[in-house]
Q: 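Handing you a structure now.
Within every chain, numbering begins at 1; the chains are lettered A, B, ... in the order of the sequence lines, protein sequences first and strands thereafter. Being a predicted model, the structure only gives us computed values, none of them experimental.
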Amino acid sequence: MGSPLVAEPRARKATPKPKPAASATCYHCGNACIGKPLLADDKPFCCDGCKLVYELLALNGLCNYYALQDHPGLRHIKPVRTNKFAFLDDPKIAGSLYSFTDGNHTAVTFYLPGVHCSSCMWLLEHLNRINPAITSSRLSFSTKEATIHFQRNEVSLRTIAELLTTIGYEPYISLDEQQVRAGSRVDRSRVYKLGVAGFCFGNIMMMSFPEYFGGAGIDPTHAWLFRALNLLLAIPIVFYCANEFFINAWTGFKTRMLHIDAPIALAILITFSRSIYELSTNTGPGYLDSMSGIVFFMLVGRVVQERTYRSVSFHRDYRSYFPIAVDVLTSGGVFSKSLHDLQVGDMVQLHHDEIIPADGMLIQGKAHIDYSFVSGESDPVTAEVGAPVYAGGRQTGGMIQVQLTKPVAGSYLTSLWNHHAFQKNKAATGERQSSIHVLSRYFTIVLFSLAGITAIYWGVKDPSRILNSVTAMLIVACPCALLLSATFTNASVLRLLSKHGLFVRDASVIETLGNADFIAFDKTGTLTDNRLQVSADKPVGVEDAALIAAAAQPSRHPYSIALYDAYRCASLPKVTAWQEHVGNGVEAMVAGQVVRIGHASFVGAAHASGDGGNANVFARIDDQIFAFSVRPSFRRGVGAMIERLHRRFGLCLLSGDNRNQEAAVRTLFGKEATIRFAQQPVDKLNYVQQLQAQGRRVIMIGDGLNDAGALQQSDAGITLAADVNNFTPACDAILDAAFLPQLPQLLRLSRVNGRIIRLAFAFSIIYNLIGLFFSVQGLLHPVIAAILMPSSTLTIVLISAGASVVAARMVGLRPAAGKT
Amino acid sequence: MSALFILVIASILVAGGFLGAFLWSVRDGQYDDQLGASWRSIYDDEPLAGAKQ
């Protein structure tokens with residue numbers, strides 16, 4: 001063994017000098033201070049970062065931040081390198097981010113994932129105290145977006161981004177952010193329609209009151225006034241509020257499809273023309289009240305059902321994963337360059353935690369590239385100079401230089417998006433198969449045949465009453481009851497699911513989830529979380545543990561970090577010499593002893609020894625060898641969840657990882673389940689397709705870009721995310737990782753959804769039958785019509801909302817503790 | 001009779017005013033962030049904690 005080189009260990013950031021632990025909590029972030037806390041104004045801080053933020057806020061009289069919440073700060077352990085936001089100095093990039101500018105006064109909207117409490121909001125809305133060139137800032141809490149107005153001549157966008165980063169709210173600026181933001185803007189037109197419909201409906205009901213009570217004692221002039229006003233109020237309902245029903249029906253008609261809105265459009269049309277006829281011939285008051293009621297309640301249902309989760313995006317692709325610009329090394333120095341302008345041959349500099357924007361070749365530096373998001377492989381890959389590196393990988397450790405060999409759009413990662421699975425429009429196919437549509441079609445057919453029979457009956461008996469009774473029947477039996485029960489039940493179930501961590505793209509996905517019979521899981525990041533778990537082949541003594549932790553501490557390799565976290569203690573022995581051998585391990589002189597950590601060959605361990613060959617990290621202290629297995633740990637509750645799912649679903653595992661966790665996975669899934677390792681993204685997609693060819697309805701649950709193809713191909717793709725606001729590949733639903741153990745219950749609730757719709761529908765049918773009974777005879781009194789319509793709607797709302805809440809409780813859904 | 005005329009018209013106008021207010025508030029984005037507004041209203045302008053100048 002060569003004697004260890006004398007090297008000053010790089011201090012781990014934010015880790016104070018080890019001293020006997022005082023159990024103080026940081027005033028800023030609330031974390032326990034390891035060792036002696038740093039003090040400022042007699043307040044303890046765990047690290048320089050937290051102290052810095054406090055001092056900045058105190059200087060500007062912003063200590064209210066700490067008064068509103070205890071320890072509101074984020075753990076500030078990620079110092080950002082100084083020129084990370086240098087690309088914002090590029091006027092072209094900065095210009096693309098401005099939402100408004102007149103040359104000086106400028107507005108910009110940043111997405112700040114760090115926002116989490118009311119203190120954040122207070123601080124971010126008082127930025128002008130820190131920098132007076134910021135005129136105002138306003139935070140939309142539900143979207144975590146801060147809109148900042150500033151004087152561009154006095155402060156640059158880069159300074160603002162750096163200020164936000166300093167106080168712990170690093171803005172998230174990505175290549176695709178512009179498009180994503182534009183797409184997430186809510187369409188308010190339906191809310192306007194709802195407001196107008198509510199206004200007209202309420203007033204029409206009021207004007208119709210005299211008619212309900214037989215119009216006795218009412219002056220004919222008054223009756224005329226009320227009827228005229230009713231007609232006036234009904235016009236915006238038909239021509240503005242209801243236009244989406246007509247548009248849907250018409251586009252369906254053009255493609256020779258009976259759209260679900262077609263019967264509604266027909267009912268509105270018939271009701272309106274008949275009312276006009278009655279009013280103009282002075283033969284009756286018409287049915288304007290029922291008509292406006294139908295439109296109003298339908299709109300209520302749709303607004304509630306399609307209230308989107310604004311901060312959740314279901315349509316992101318790889319572009320929102322990429323940064324907006326990278327540092328490019330040229331002969332004239334380092335410049336930041338927008339990703340759009342990158343060319344083959346550019347020399348790109350990547351720092352710790354940055355993403356490789358396109359396939360390239362490593363020119364300089366020690367590359368530890370984490371491809372887990374792209375390939376599912378959890379072990380970071382070490383690349384030597386000259387080796388190819390691929391887009392989407394995340395560099396961990398020091399700075400590297402990469403020469404691009406392919407354009408951004410031509411990389412391996414992006415080629416996945418050209419697969420045909422991404423070309424089909426999933427929403428359209430899903431809607432066509434919905435059971436509600438099928439039911440609605442039968443209902444419409446039955447209704448029209450009934451109308452035909454009525455027409456024939458009256459044609460024989462008394463032809464003058466044909467029109468009357470047929471229109472009355474179509475009005476009363478309008479299939480809106482079915483649509484209403486579906487929309488309100490969907491809305492209620494969507495709300496319940498989101499309360500329990502499952503955010504569903506739209507209502508049609510609920511049914512797909514309920515009908516599924518097969519679930520395919522990804523492993524890395526889905527069943528396992530990102531923390532690495534360390535298990536040793538034999539007990540590690542206190543002193544040895546301290547030696548290992550001390551030797552591992554300076555390294556940035558994920559395994560070293562895991563070892564340090566597993567074995568650190570309050571007082572680590574002093575490291576006198578330390579060296580990292582890239583691709584092999586580290587060698588250190590700790591308290592007079594040589595400690596080596598790394599590969600078996602580097603440490604000098606016989607590979608087969610210990611842990612059945614399962615160990616992947618070895619440590620040697622003098623002559624003693626420890627074998628560690630450092631693996632991602634399974635999420636809590638996964639075992640019980642799989643067991644529950646087994647009863648109803650076929651299960652399989654598609655992992656991009658290597659086989660080293662096969663035994664653990666096998667015990668989890670049982671002997672029969674299909675478990676596939678080393679799956680490329682396209683393999684996953686193909687396997688899902690294969691299952692579908694066997695008639696399976698497949699749910700794919702994954703987390704990374706490597707699952708994107710399978711998520712898209714599956715009947716319902718669920719993305720698992722630790723924070724639903726963060727990047728997720730395109731999918732049908734997003735599941736908060738904390739709620740993963742409740743997946744069986746969530747799926748059961750989705751299944752119950754269809755039953756509740758049919759129940760509510762059955763009840764509304766009873767109302768319809770009563771109405772039909774009268775209208776077929778041509779005897780429908782306006783009072784009965786006026787009572788039937790709202791009461792049937794009310795029953796539907798009560799049944800669907802009540803039944804879904806009861807169902808949620810019955811399947812055993814509980815809000816997870818500690819989640820808001 | 002004319003009293004009823006005036007009252008009905010007036011009631012519609014008042015209701016129309018509220019409709020206008022509703023539409024304006026939606027357009028103004030007042031319903032966009034439902035959490036933030038409730039917090040914003042409880043903030044004091046003066047620092048609560050002992051802050052240095």
Q: Side-chain contact, heavy-atom cut-off 4.5 Å: M206(A) with I12(B)?
A: no

Q: Indicate the atoms forming the closest heavy-atom contact of V8(B) with M207(A), along with that distance.
A: CG1-CE, 3.7 Å

Q: Sort Y192(A) into side chain, backbone, both or neither according to what part of it lies under 4.5 angstrom from a heavy atom of chain B.
A: both

Q: Test of understanding: with salt bridge (Lys or Arg N to Asp or Glu O under 4.0 Å), list the residues that count as partners of E125(A), not counting sequence neighbours.
A: R40(B)

Q: Can you name the nearest heavy-atom pair linking L19(B) to G195(A), along with the distance?
A: CD1-O, 3.3 Å

Q: Can you name the nearest heavy-atom pair linking R188(A) to R27(B), along with the distance?
A: NH1-O, 3.1 Å

